[in-house]
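Here's the structure we're looking at; comments come further down.
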Amino acid sequence: MSKDDGENSADINITVKFSGRSIPISIPKDSTIKQLKSHLQPLTNVLPRGQKLIFKGKLLVDAMTLKESEVMNGAKLMLMASQGLHQGGGPILKEAQTRPISRGKETEYKRHDARTEIVMEKDRLQRWKTTGVIALADCNLKAIPNEVWDCGSSARVLDVNNNSIQDVPNKISCLNSIQKLFLDGNGILDEAIQWEGLASLKYLTVLSFTRNQLMNLPSALGSLTSLRQLHVANNKLTNLPNEIGMLTRLEVLKANNNRITTVPACIGECSSLIEVDLSANLLSELPDTLGNLHNLKTLHLSNNGLKSLPCTLFKHCLQLATLDLHNTEITMDVLRQFEGWEEFDERRRSKHQKQLDFRVVSSAQFDEGADKN
């Protein structure tokens, strides 16, 4: 927290240890613990109410100042995060590890001559062409094998999940009939994807890029007009492109556990959307056009900085029955003010009636609202 040179004497320097890191902080000594937590939020992706600060074995209280808590210059604090209260990147997860697979058969192949190996490769390629399914998940790959491109228009599904793929080349365009593409858990960076080739896949209905290192989705995404499911959770995205509005057939959008700060108004043009997951991001508001999603049934918004919802949401989204607002600032008092709230609550109760009956719950209290504790 910067100050003018003349005020530096009022600052103290402390170190906060969190998840194996040491985070240096410069902060006015009269700051409260709550203010320190707010300062730590963008540095740790942990919401203030999910932070537990410990100093000399004692849990620090929000209302007390650093001075009252005996936190002096050079102090070292420990930060612990409550489960489920991360934001903008979601819970700190272990790096995705590729799982070793049995190589028994391949070892056997090595005992044969080169001619036998060639035959086996041809058999695998033939199988891919016959079934249309190229299954290469968990194979410790660093690149998509060249023989994949030989499948051409025969390929319908390409699954290279949980590898270490370094490049998605333009030649992927040769799989011109592919419908489903799975690239989860590869640590893929923005520059590793040649979107010109990917955007040419006109029949692609499912695109999955979860658990990678993507920071941006390009405008070329809008060319995938047959897309029905887009999975980009657990990346480092800061926004969604305006061209997402061109995906009028999109039914499922999962962009949770990113760093998204705004949702473009054109999201309202994705008229086929049924399920949207934007939980664990950095959203403080949503566009009014969200109310244009008349087919929307499920909306996940937990672990964001939201304080309200678009006023048209309950009024126009007449199929909405699941709404997750846990760990936001939205209260029951806010929800009750919206037109269409009663009808939504009735749909929600009807959908979950079996669970309510099983738990002998008869209250009309909204149980998917904000958790203020």
Provide the closest heavy-atom pair for [X] versus [Y] in the form atom of the first, atom of the second, distance.
{"X": "L237", "Y": "N216", "answer": "CD2-N, 3.5 Å"}
{"X": "S31", "Y": "P28", "answer": "OG-O, 2.9 Å"}
{"X": "V71", "Y": "L60", "answer": "CG2-CD1, 4.2 Å"}
{"X": "T312", "Y": "D288", "answer": "OG1-O, 3.1 Å"}
{"X": "P48", "Y": "Q41", "answer": "CD-OE1, 3.2 Å"}
{"X": "L335", "Y": "W341", "answer": "O-CB, 3.5 Å"}

Using only atom types and a distance under 3.5 Å, with no angle test, would you say the side chain of [X] pairs donor to acceptor with the backbone of [Y]?
{"X": "N186", "Y": "V160", "value": "yes"}
{"X": "R347", "Y": "L318", "value": "yes"}
{"X": "N13", "Y": "T15", "value": "no"}
{"X": "N295", "Y": "S272", "value": "no"}
{"X": "R49", "Y": "N327", "value": "yes"}
{"X": "T131", "Y": "V133", "value": "yes"}
{"X": "Q35", "Y": "T32", "value": "yes"}
{"X": "D277", "Y": "S279", "value": "yes"}
{"X": "D150", "Y": "L125", "value": "no"}
{"X": "S226", "Y": "K202", "value": "yes"}

Given the rule that I, L, V, M, F, W and Y join up when any side-chain heavy atoms are under 4.5 Å apart, are [X] and [Y] in one cluster?
{"X": "V252", "Y": "L201", "value": "no"}
{"X": "F344", "Y": "I274", "value": "no"}
{"X": "L214", "Y": "L240", "value": "yes"}
{"X": "W149", "Y": "W128", "value": "yes"}

message: What I want to check is whether the side chains of N281 and N304 have a donor and an acceptor closer together than 3.5 Å.
response: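 No, no side-chain donor-acceptor contact under 3.5 Å.
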- request: Scan side-chain atoms only and decide if D184 and T210 contain a donor-acceptor pair under the 3.5 Å cut-off.
  value: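 Judged by distance alone, the side chains do pair up.
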Can you tell me if [X] has over 12 outside heavy atoms packed within less than 6.0 Å of its [atom1]?
{"X": "Y203", "atom1": "OH", "value": "no"}
{"X": "K37", "atom1": "NZ", "value": "yes"}
{"X": "M72", "atom1": "CE", "value": "yes"}
{"X": "Q194", "atom1": "CD", "value": "yes"}
{"X": "E339", "atom1": "CD", "value": "no"}
{"X": "E342", "atom1": "CD", "value": "yes"}
{"X": "Q319", "atom1": "CD", "value": "yes"}
{"X": "M64", "atom1": "CE", "value": "yes"}

Would you call [X] and [Y] a side-chain contact if the rule is heavy atoms closer than 4.5 Å?
{"X": "L221", "Y": "E243", "result": "no"}
{"X": "H300", "Y": "N256", "result": "no"}
{"X": "L299", "Y": "L290", "result": "yes"}
{"X": "S308", "Y": "F338", "result": "yes"}
{"X": "R259", "Y": "T261", "result": "no"}
{"X": "L40", "Y": "V46", "result": "no"}
{"X": "L253", "Y": "C270", "result": "no"}
{"X": "I33", "Y": "F55", "result": "no"}

When rounded to the nearest 0.5 angstrom, what distance separates [atom1] in [X] from [atom2] in [Y]?
{"X": "I23", "Y": "K17", "atom1": "CD1", "atom2": "NZ", "answer": "10.5 Å"}
{"X": "S26", "Y": "I12", "atom1": "OG", "atom2": "CD1", "answer": "8.5 Å"}
{"X": "L158", "Y": "K180", "atom1": "CG", "atom2": "NZ", "answer": "13.0 Å"}
{"X": "L306", "Y": "T328", "atom1": "CG", "atom2": "OG1", "answer": "6.0 Å"}
{"X": "H316", "Y": "C311", "atom1": "NE2", "atom2": "SG", "answer": "8.5 Å"}
{"X": "R211", "Y": "N161", "atom1": "CZ", "atom2": "CG", "answer": "7.0 Å"}

- request: Run through R228, Q229, K297 and flag the one making a side-chain hydrogen bond (donor to acceptor under 3.5 Å, both in side chains) with E251.
  value: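 Passing option: R228.
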field: Residue pair F18, L43: steps toward the side-chain contact (heavy atoms from CB on, under 4.5 Å) verdict
entry: CA-CA 10 Å; F18 174 63; L43 301 175; over 6 Å; no
Residue pair W195, S219: steps toward the side-chain contact (heavy atoms from CB on, under 4.5 Å) verdict: CA-CA 9 Å; W195 278 94; S219 58; over 6 Å; no
task: Begin with the C-alpha distance, continue with both residues' side-chain angles, and end with the deciding distance and a verdict on side-chain contact (heavy atoms from CB on, under 4.5 Å) for L309 and L325.
output: CA-CA 10 Å; L309 295 171; L325 296 171; 4.1 Å; yes
message: Using the rule given for side-chain contact (heavy atoms from CB on, under 4.5 Å), can you reason through D345 versus R336, listing the C-alpha separation, both sets of side-chain angles and the distance that settles it, and then say yes or no?
response: CA-CA 10 Å; D345 195 37; R336 289 193 185 102; over 6 Å; no
